[in-house]
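Reviewing the structure listed below.
Computation of the quantities below employed the complete heavy-atom set of this structure, encompassing side-chain atoms and omitting hydrogens, waters and symmetry-equivalent molecules.
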Amino acid sequence: MSFVDTRLKIRRTIKKYRKIIIFVIIAWAIIFMANYILKNRPKEEIPETTYEPNKAVMTDDEVPKKYHATIESTIDTFVNKCNDKDYEGAYNMLSDDCKSEVYPNLDGFKQYVDSRYPSKRSYSIQNFSNVGNQYIYNVELMDDIMATGLTGTDYGTLEEKFVFTENDDDLKLSIDGFVRKQNLNVVAEDENLKVNIDYKNVFYDHEIYVTSFTNRSEHPIVLADGSSNNEISLNIGTGDRSERNVGSYGIVLQPGETKSYNLSFSKYCDDGNAPQYLMLNAVRVLQSYSGDENLRDAELANAIRVYTLKINFPTK
């Protein structure tokens with residue numbers, strides 16, 4: 001076949017299948033362009049999230065690695081014992097101070113378990129804050145649908161703080177936000193009043209001072225009766241915090257009488273502030289005390305003495 005015949009044959013073929021050839025060329029061009037665009041398109045950055053349960057979210061430091069497995073295993077064991085209503089087994093996992101100061105008997109601890117674990121719970125943990133040798137974790141308790149099924153009862157989620165205290169390479173567990181018991185043995189006195197602050201219980205968001213007051217005078221003494229919001233306060237260096245509950249029950253001492261109270265003040269244990277002193281802002285030594293609000297002003301007007309008493313804490 002001559003060169004001319006070949007050219008004519010090709011032209012006839014192109015003419016005959018022109019539409020198909022054009023379609024193929026266009027399709028190929030579209031595919032080529034699509035591949036080019038996809039290949040050169042900027043990659044979408046997918047945010048990377050890493051779950052670090054033993055790194056504190058408040059202080060950005062990490063619990064020592066040697067304790068990671070122990071802490072996670074302890075929380076898992078404790079939650080499972082509570083789920084199984086193994087009250088005594090879970091109770092025995094608590095530190096001695098947590099048991100004596102927060103749950104001094106098994107019956108009280110049973111109420112804790114039943115209120116927080118009404119059904120099987122799953123959980124998640126996150127190291128929240130670390131203070132010295134104490135590691136504070138958020139533990140979020142959630143309904144375990146795999147265990148309970150869709151019963152129609154929603155107990156919601158609960159979050160509480162578990163605290164692990166390092167003691168000679170051992171860890172002690174506390175719950176319900178209890179951090180530590182700290183002995184104070186602070187005594188302050190004058191001719192009318194003696195104050196003993198034996199110790200305080202530190203929780204994550206508050207402190208409770210175990211305090212006794214003795215009336216050394218021959219007259220009734222009123223320390224708090226709800227007449228103001230600042231009858232007893234705690235100075236934490238950056239400001240004063242009023243006692244949270246005393247206004248609801250009051251503190252009145254008859255001559256020679258001694259009474260003990262748990263004075264509660266709002267304070268975060270990781271705020272970096274050390275309490276400086278306790279202040280009794282309205283010590284009232286009265287001629288007489290009736291307890292009648294209608295006579296309060298008259299009794300105060302006849303007071304023998306009204307003054308403040310500052311109880312300093314030792315500085316290290």
Side-chain angles (χ1 to χ4, degrees), residues 49 51-58 63 67-131 134-165 170-181 201-208 210 244-245 248-249 262 264-270:
T49 58
Y51 174 47
E52 298 179 290
N54 298 294
K55 187 174 183 179
V57 297
M58 291 294 289
V63 174
Y67 292 135
H68 290 187
T70 299
I71 287 174
E72 293 174 18
S73 174
T74 299
I75 293 175
D76 185 70
T77 300
F78 181 83
V79 171
N80 285 332
K81 285 183 181 295
C82 291
N83 276 334
D84 295 337
K85 304 301 182 182
D86 180 4
Y87 302 108
E88 189 169 355
Y91 185 67
N92 289 334
M93 294 181 67
L94 303 181
S95 69
D96 291 341
D97 283 346
C98 184
K99 285 191 283 191
S100 65
E101 300 302 318
V102 184
Y103 298 106
N105 56 65
L106 187 58
D107 287 339
F109 180 72
K110 286 181 178 179
Q111 294 178 21
Y112 158 87
V113 173
D114 291 341
S115 65
R116 286 168 174 76
Y117 300 83
S119 64
K120 293 283 186 180
R121 293 284 203 175
S122 59
Y123 67 91
S124 66
I125 69 171
Q126 178 63 59
N127 182 214
F128 187 75
S129 180
N130 300 315
V131 182
Q134 297 189 286
Y135 313 114
I136 303 169
Y137 279 74
N138 269 350
V139 178
E140 186 176 15
L141 302 173
M142 301 159 285
D143 289 338
D144 188 349
I145 297 177
M146 295 296 292
T148 61
L150 298 174
T151 62
T153 301
D154 181 12
Y155 297 107
T157 61
L158 288 173
E159 186 176 273
E160 72 166 283
K161 288 182 169 56
F162 286 26
V163 180
F164 290 87
T165 300
D170 191 17
L171 292 176
K172 302 296 184 182
L173 170 66
S174 297
I175 58 171
D176 225 5
F178 178 78
V179 177
R180 64 182 175 274
K181 175 182 177 181
N201 286 324
V202 178
F203 291 77
Y204 177 72
D205 60 358
H206 67 283
E207 295 185 349
I208 296 177
V210 179
R244 303 194 303 179
N245 305 312
S248 63
Y249 56 79
N262 293 336
S264 179
F265 303 89
S266 297
K267 183 188 182 302
Y268 290 101
C269 72
D270 56 1

Side chains of V179 and Q134 in contact at under 4.5 Å (non-hydrogen atoms): yes
Note, I125 side chain near F162 side chain (heavy atom, < 4.5 Å): no
Heavy-atom pair of closest approach, residues [X] and [Y]:
{"X": "A90", "Y": "K81", "answer": "N-CD, 3.7 Å"}
{"X": "V113", "Y": "C82", "answer": "CG1-O, 3.7 Å"}
{"X": "N245", "Y": "S248", "answer": "O-OG, 2.6 Å"}
{"X": "P53", "Y": "E72", "answer": "CG-OE2, 4.0 Å"}
{"X": "T74", "Y": "L173", "answer": "CG2-CD2, 4.1 Å"}

Is the side chain of [X] donor-acceptor paired with the backbone N or O of [Y] at a distance under 3.5 Å, no angle test?
{"X": "D176", "Y": "F178", "value": "no"}
{"X": "N127", "Y": "I136", "value": "yes"}
{"X": "S73", "Y": "A69", "value": "no"}
{"X": "Q126", "Y": "E52", "value": "yes"}

K267 atom NZ, neighbour heavy-atom count above 12 within 6.0 Å: yes
Worked check of side-chain contact (heavy atoms from CB on, under 4.5 Å) between V163 and F203: CA-CA 10 Å; V163 180; F203 291 77; over 6 Å; no
Parallel, tilted or perpendicular, as decided by the 30° and 60° cut-offs, for the rings of F109 and Y91: tilted
Parallel, tilted or perpendicular: ring planes of F78 versus Y112, cut at 30 and 60 degrees: tilted
Interatomic distance, [X] atom [atom1] to [Y] atom [atom2] [nearest 0.5 angstrom]:
{"X": "H206", "Y": "F265", "atom1": "NE2", "atom2": "CZ", "answer": "11.5 Å"}
{"X": "K181", "Y": "C98", "atom1": "NZ", "atom2": "SG", "answer": "12.5 Å"}
{"X": "K161", "Y": "N138", "atom1": "NZ", "atom2": "CG", "answer": "4.0 Å"}
{"X": "S95", "Y": "L171", "atom1": "OG", "atom2": "CG", "answer": "11.5 Å"}
{"X": "D143", "Y": "R121", "atom1": "CG", "atom2": "CZ", "answer": "5.0 Å"}
{"X": "D270", "Y": "M58", "atom1": "CG", "atom2": "CE", "answer": "5.5 Å"}

Test item: side-chain donor near acceptor, Y123 and N80, under 3.5 Å: no
Test: K85 cationic atom under 6.0 Å from Y117 six-membered ring centre, within 45° of axis: no
Aromatic centroids of Y268 and Y204 separated by under 6.0 Å: yes
Y67 ring center within less than 6.0 Å of F164 ring center: no
Full working for side-chain contact (heavy atoms from CB on, under 4.5 Å) between D97 and R180: CA-CA 7 Å; D97 283 346; R180 64 182 175 274; 6.0 Å; no
